[in-house]
There are 2 protein chains.
Amino acid sequence: MSADRDPWLLTPGPLTTSGTVKAAMLHDWGSRDRRFIEMNSAIRRQLVELAGAAQTHVAVPVQGSGTFAVEAMIGTLVPAGGKLLILVNGAYGKRMARICHYYRRAYEACETAEDVPPDPAELKRRLGADPAITHVAAVHCETTSGILNPIREIAAVVAAAGRSLLIDAMSAFGALPIDAASVPFDALAASSNKCLEGVPGMGFVLIRRSLLEKAAGNAPSLSLDLHDQWKGFEANAQWRFTPPTHVVAAFHQALNEHAAEGGVEGRGRRYRENCRILVEGMRALGFETLLPDALQAPIIVTFRMPADPRFKFQDFYDRLSAAGYIIYPGKLTVADSFRIGCIGRLGPAEMRGAMDAIRASLREMGVESGAPARAAAE
Amino acid sequence: MSADRDPWLLTPGPLTTSGTVKAAMLHDWGSRDRRFIEMNSAIRRQLVELAGAAQTHVAVPVQGSGTFAVEAMIGTLVPAGGKLLILVNGAYGKRMARICHYYRRAYEACETAEDVPPDPAELKRRLGADPAITHVAAVHCETTSGILNPIREIAAVVAAAGRSLLIDAMSAFGALPIDAASVPFDALAASSNKCLEGVPGMGFVLIRRSLLEKAAGNAPSLSLDLHDQWKGFEANAQWRFTPPTHVVAAFHQALNEHAAEGGVEGRGRRYRENCRILVEGMRALGFETLLPDALQAPIIVTFRMPADPRFKFQDFYDRLSAAGYIIYPGKLTVADSFRIGCIGRLGPAEMRGAMDAIRASLREMGVESGAPARAAAE
């Protein structure tokens with residue numbers, strides 16, 4: 001790799017962050033420091049505002065990775081007598097099912113293939129057929145494939161059926177608009193390190209206040225009890241247990257940079273442009289995306305593995321890595337593939353640099369076309 | 001506060017870290033990066049070596065605060081049919097009871113006052129009386145008071161009774177020696193940000209390998225399942241879920257600095273000297289420690305509140321804070337008190353500076369003596 005810089009991370013995360021976000025970690029904060037407390041309050045306020053939910057929801061940060069936040073959301077909001085219908089079309093939907101298994105919560109998976117979005121009509125049918133279902137969980141952008149799920153239509157069906165919607169918006173929040181007024185949700189989980197471009201180490205859940213108030217005693221885990229965590233923040237604006245102070249300070253800086261870029265609109269615009277450069281460049285080389293453009297979120301793109309036997313993924317990965325660009329293996333069951341991300345502190349220059357490195361790597365490997373073995377049937 | 005530096009954190013944590021530890025966070029690491037993976041492997045190896053446990057135990061890091069690690073330890077190791085006897089003499093012992101309550105694990109608290117260590121003879125009696133008790137949990141240093149619990153004697157009793165010992169060594173590990181050969185334990189939980197002087201955001205549990213191998217399916221939480229987490233590390237040396245990469249890099253640097261300082265012996269020596277300067281200085285001003293010296297760990301010191309009505313704790317705290325020294329309120333039920341810590345990247349110069357600031361603050365407040373209302377009865 002280029003010795004003079006960190007590699008650019010074209011992955012689902014951890015992602016590249018700005019120098020100023022990282023520099024925010026060069027201080028040690030006491031957890032009761034007034035300025036640290038103000039940072040936390042600002043973060044909590046900014047997060048609900050990003051979802052147009054300042055009047056209805058509260059933001060509850062939680063230590064750990066995004067999965068910790070998703071687990072905390074399910075544990076705190078789905079009571080022992082509840083039943084969760086999970087819309088699954090990838091690893092993160094499946095992970096929610098696994099959480100229910102650990103928590104001994106009743107659940108049912110409504111599964112489609114990794115390249116097929118959930119069908120709102122089928123969801124409606126399932127909710128009509130099973131009055132025991134109290135909650136529905138959906139993934140906004142499934143990074144397994146990079147697919148954009150129809151969250152607005154899902155939310156409308158769930159609301160019409162009078163159920164509670166929990167959204168895993170991990171890899172979408174901050175770049176793809178979601179407004180609590182038009183996409184009614186009771187809870188939404190995401191993390192510091194995806195489209196908000198903080199460093200990893202904390203997640204958060206936006207929760208409808210009226211629901212959270214009634215959620216005492218639900219959570220099966222002390223550390224992941226968001227009702228108790230929220231009560232702590234309400235009492236003294238502090239975390240119950242030691243906060244990851246440096247990660248919090250970085251996230252505070254990252255949210256300010258998000259606002260300076262024009263919020264969700266500005267951030268989304270940069271990622272769409274990143275995605276366009278990537279997809280056009282790869283298609284020009286013969287590569288084929290798993291998804292049709294209409295289903296592709298500008299977050300991470302899955303490419304089918306080329307047919308050319310000279311294309312060895314590990315070799316390709318290593319060459320790009322040596323050039324300072326980190327891509328990601330595939331995670332699909334439906335097709336042999338690899339992934340390239342468009343998010344994090346990357347812009348057109350980095351995406352064009354990545355395309356240059358990809359072209360050079362293919363040349364060195366003697367690969368003439370990125371076309372997969374058979375034409376895709378989408 | 002002095003505008004030109006961060007305040008010194010004389011607290012139970014988050015703590016002051018070195019500039020080089022913080023500077024280790026100025027890079028973005030991919031979670032699959034070979035060098036990042038090597039950092040994790042080095043951390044895991046160094047941690048078991050610190051406890052003389054490289055042959056018997058494995059280190060399993062976990063995202064979150066120290067409480068997350070303690071919860072993960074209990075959840076992963078105490079099975080549904082087990083029963084945990086918890087030695088309680090402060091908030092952290094009580095927190096373990098709360099975790100058992102959440103997890104619906106049978107438990108019993110063996111409680112002493114906050115300034116009284118657990119009695120090994122009473123522990124022996126309880127274990128003899130109740131064969132249902134499968135595990136014992138003890139806190140090495142209870143930061144509620146700063147008391148050093150007799151972990152060696154506790155371990156001997158538990159081993160003789162054939163039960164399993166789980167240690168919360170959060171605020172002691174890395175500064176107070178603990179050797180798996182002479183203090184037999186099955187698990188020990190601590191975090192990145194106490195005596196090891198990393199930044200907060202991850203914990204770890206050292207677990208006897210032969211026990212962990214049999215712990216599949218115990219944990220009530222996916223995120224906090226240390227068996228599953230360990231299997232992940234064993235499979236590909238990677239974290240199951242997004243690691244706090246910057247926190248990990250800082251911890252890696254912190255462990256190298258710990259070794260350079262002479263390991264547990266060197267780190268403990270600095271803290272003992274910090275503690276000596278603090279206690280002698282405070283006693284010279286009339287302040288009284290809660291604990292007799294024999295029970296005082298060189299981690300954090302509890303002082304009884306002075307009788308002088310001109311001493312207002314908040315005023316004292318604010319003056320010290322303005323001078324760049326952060327102390328901590330008390331957490332005791334047995335006495336009105338406050339606490340001053342000796343750990344983190346602090347040395348004699350900072351402790352003497354703190355004493356200067358304390359003397360100046362008392363002078364400004366017109367406080368003539370730090371003596372408490374009545375002579376303590378220890």
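To find a chain, count down the sequence lines: A is the first, B the second, and so on, and within it residues start at 1.
- Partners of B:S18 by side-chain hydrogen bond (donor to acceptor under 3.5 Å, both in side chains), not counting sequence neighbours, listed by chain and number: B:T20, B:E257.
- For B:T11, no part sits under 4.5 Å from any heavy atom of chain A, backbone or side chain.
- Across A:G64 and B:Q63, no two heavy atoms sit closer than the pair CA-CB, 3.8 Å.
- Taking a 6.0 Å sphere around NZ of A:K231, one finds it holds 12 or fewer heavy atoms contributed by other residues, nucleotides or ligands.
- With contacts defined as side-chain heavy-atom distances shorter than 4.5 Å, the pair A:R240/B:S65 does not qualify.
- The greatest number of non-hydrogen atom pairs below 4.5 Å with chain B, out of A:G344, A:A250, A:P220, A:G30, is found for A:P220.
- With a 4.5 Å cut-off on non-hydrogen atoms, B:R104 does not touch chain A at all.
- For the atom pair CE of A:M25 and OG1 of B:T17, the computed distance is 11.5 Å after rounding to the nearest 0.5 Å.
- Proximity to chain B is limited to the side chain of A:H246, based on heavy atoms less than 4.5 angstrom apart.
- Residues B:G13 and A:S31 come closest through the heavy atom pair O-OG, 4.2 Å.
- Among the candidates B:I326, B:L15, B:D225, the residue making the largest number of heavy-atom pairs closer than 4.5 Å to chain A is B:D225.
- Contact detail for A:L26 and B:D6: the closest heavy-atom pair is O-OD2, 3.9 Å.
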TODO: Carefully, step by step, assess B:S191 and A:T242 under the rule side-chain contact (heavy atoms from CB on, under 4.5 Å).
DONE: CA-CA 10 Å; B:S191 92; A:T242 306; over 6 Å; no
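- The greatest number of non-hydrogen atom pairs below 4.5 Å with chain A, out of B:A219, B:S221, B:G75, B:A23, is found for B:S221.
- A donor-acceptor pair is defined here as one N or O able to donate and one able to accept, closer than 3.5 Å; such a pair exists between the side chain of B:E71 and the backbone of A:S223.
- Salt bridge present: B:D228 and A:R98 bring a charged side-chain N and a carboxylate O closer than 4.0 Å.
- At a cut-off of 3.5 Å, with distance as the only test, no side-chain donor of B:T16 or A:D28 sits close to an acceptor on the other residue.
- Residue with the most contacts toward chain B among A:R345, A:H101, A:R95: A:R95 (heavy-atom pairs, distance under 4.5 Å).
- Only the backbone of A:W29 comes within contact range of chain B, with heavy atoms under 4.5 Å apart.
- For a heavy-atom cut-off of 4.5 Å, chain A lies close to B:V199, B:P200, B:G201 in residues 192-205 of chain B.
- For the pair A:P244 and B:V247, the minimum side-chain heavy-atom distance is 4.5 Å or more.
- For A:L9, the part sitting under 4.5 Å from any heavy atom of chain B is the side chain, from C-beta outward, and nothing else.
- For the set B:I99, B:T67, B:T245, the count of heavy-atom pairs under 4.5 angstrom toward chain A peaks at B:T67.
- For B:N218, no part lies under 4.5 angstrom from a heavy atom of chain A.
- The minimum heavy-atom distance between B:L222 and A:Y102, with the atom names listed, is N-CD2, 3.4 Å.
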